[in-house]
Amino acid sequence: MLILGIESSCDEMAASVVRDGREILSSVIHAQADVHAPYGGVVPELASRDHVQAVSGVVARALVEAGVEASELDGVALTAGPGLIGSLLVGLSFGKALAFRLGIPHVGVHHLAGHLASAQLGDAALAAPFIGLVVSGGHTALYRIEADSPPVLLGETRDDAVGEAFDKVAKVLGLPFPGGPALAAAAEQGDETAITFPRPMLDRPGFDFSYSGLKTAVALAAERRAPLDGAAIADISASFQAAATDVLVTKARRALAAEALPRLAVVGGVAANLRLRERMAEAGAADGFEVVFPPLSLCTDNAAMIAAAGAQALARGERHGLGLAAFSRVPLGESPWADGAGR
Ligand code: KG4
Ligand code: ZN
């Protein structure tokens, strides 16, 4: 079964062909970092305009690189939300039109269901139930993932997402956009014990997170040490990264214990962070749980994960009509992808 996935929820236009929900035949990503770099963050209107120009070329390349004719496709999987509404609509409209022309089914996919499917693309043996930790620019949440029922939200951020905190701290430190990877690179030269930043929510029960106070604490520390030289930037980066990842590791451990589950999948852009991978692996070895990370190339937004999640949905018999709408905000586990107006 050949599924074309299209992902355009934020600032990447991506298309991918996946065979049988597992084998990635192509994964094309058109990034827009140069479009947004002058503004230090994603400008939604510029993102959707760039998507309009990129979408047909990106889909065509995904087919060529996979060696697949459009007529051979069995279905189309589209990110329907959450995300920037203008960005979502570009991939969604294009994909619906293509599926209509080809006379094949299409399904709307939740962006986080896509991220979670990326773990299974990396490790086919990963079987539910497991704990899913989603860490990205827009989300920080712990879920209990079941085989035959919707994911159960255990806890989530009350303010900023962890990736957003990486990006904002990087901006304060004068590091280039996109901030997360730049901060992680700077942290490699730093001492993570140089400054003890707060570990928000660690002293509270439950599985919620908060990153806005940590971000402010780092901004104040940077201000106090200004002007910052390379060594100071490295130390602040490493100390922030230690605090940010500490909370993720501790809450994930607690969730695994509370739910009595032996498996954890960590997905989303921040799952590309090597220090987080190291610390989670250490915790897994100490507590006796298995940790699964997607391959680095599948952590940040891509369409292979959408095709994989779409293949699962199509196999369950899900089909959506041409009225399939885009949703800027929608909880994982709810699928309001019925015909009707988006919001
Ligand atoms: O999953 P993703 O591509 O988009 C969303 O769905 O949000 O995640 C992007 C986020 C950004 O905040 C980016 O800074 C962060 O992932 N990120 C990283 C790293 N690579 C990407 N954060 C920390 N360390 C990294 N190596
Ligand atoms: Zn994402």
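In listed order, ligands and their atoms are each counted from 1.
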- Pair Asp160, Ser212: side-chain N/O donor-acceptor within cut-off below 3.5 Å: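 Note: Asp160 and Ser212 side chains miss the donor-acceptor criterion.
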- Message: Between Glu334 and His110, do the side chains contain a donor N or O and an acceptor N or O under 3.5 Å apart?
- Response: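 Absent: no donor and acceptor within the cut-off.
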- Query: atom 22 (N) of ligand 1: which of Ala271, Gly180, Gly179 has the nearest heavy atom?
  - Reply: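 Of the listed residues, Gly180 has the closest heavy atom.
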- Relative to atom 26 (N) of ligand 1, which among Asp301, Asn273, Val162, Leu274 owns the nearest non-hydrogen atom?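 Answer by nearest heavy atom: Asn273.
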- Indicate, as side chain, backbone, both or neither, the part of His115 found under 4.0 angstrom from ligand 1 when only non-hydrogen atoms are considered.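 The part of His115 near ligand 1 is the side chain, not the backbone.
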I need the [X] [atom1] to [Y] [atom2] distance, nearest 0.5 Å.
| X | Y | atom1 | atom2 | answer |
| --- | --- | --- | --- | --- |
| Asn302 | Ser297 | CG | OG | 7.0 Å |
| Asp208 | Leu142 | CG | CG | 9.5 Å |
| Leu228 | Glu223 | CG | CD | 10.0 Å |
| Leu4 | Leu63 | CG | CG | 6.0 Å |
| Ile3 | Asp74 | CD1 | CG | 6.0 Å |

- Would you say the side-chain atoms of Ser16 pair up with the backbone N or O of Ser26, donor to acceptor, closer than 3.5 Å?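 Pair found, side chain donor or acceptor close to backbone of Ser26.
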- Item | N/O donor-acceptor pair under 3.5 Å between Lys251 side chain and Leu202 backbone |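 Looks like no, no N/O pair under 3.5 Å.
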Considering only non-hydrogen protein atoms, determine which one is nearest to [atom] and report residue, atom name and distance to 0.1 Å.
| atom | answer |
| --- | --- |
| atom 10 (C) of ligand 1 | Gly137 N, 3.4 Å |
| atom 19 (C) of ligand 1 | Gly269 O, 3.7 Å |
| atom 14 (O) of ligand 1 | Asp167 OD1, 2.5 Å |

- With heavy atoms of Thr300 as the reference, note each atom of ligand 1 found under 4.0 Å away.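 Listed by number with element: 3 (O), 21 (C).
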- Query: Counting from 1, what ligand 1 atoms have a heavy atom of His111 closer than 4.0 Å?
  - Reply: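 Listed by number with element, the hits are 6 (O).
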- Message: Is Gly138 close enough to touch ligand 1? Criterion: a residue heavy atom under 4.0 Å from a ligand atom.
- Response: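 Contact present.
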- Query: Heavy atom of Pro178 under 4.0 Å from ligand 1?
  - Reply: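 Not so, Pro178 does not reach ligand 1.
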- Query: If you leave out waters, which protein N, O or S atoms are less than 2.8 Å from the Zn ion (ligand 2)?
  - Reply: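 Within the sphere that stays under 2.8 Å of the Zn ion (ligand 2), the protein atoms of type N, O or S are His111 NE2, His115 NE2, Asp301 OD1.
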- Message: Test your reading of the structure: does Gly163 have an N or O sitting under 3.5 Å from an N or O of ligand 1?
- Response: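 Yes: some nitrogen or oxygen of Gly163 is under 3.5 Å from one in ligand 1.
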- Query: So do the side chains of Asn273 and Val135 get within less than 4.5 Å of each other, counting heavy atoms only?
  - Reply: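 They are not in contact (no side-chain heavy atoms under 4.5 Å apart), so the answer is no.
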- Would Ile195 and Val247 show up in the same hydrophobic cluster when neighbours are defined by side-chain heavy atoms closer than 4.5 Å?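 Both belong to a single hydrophobic cluster.
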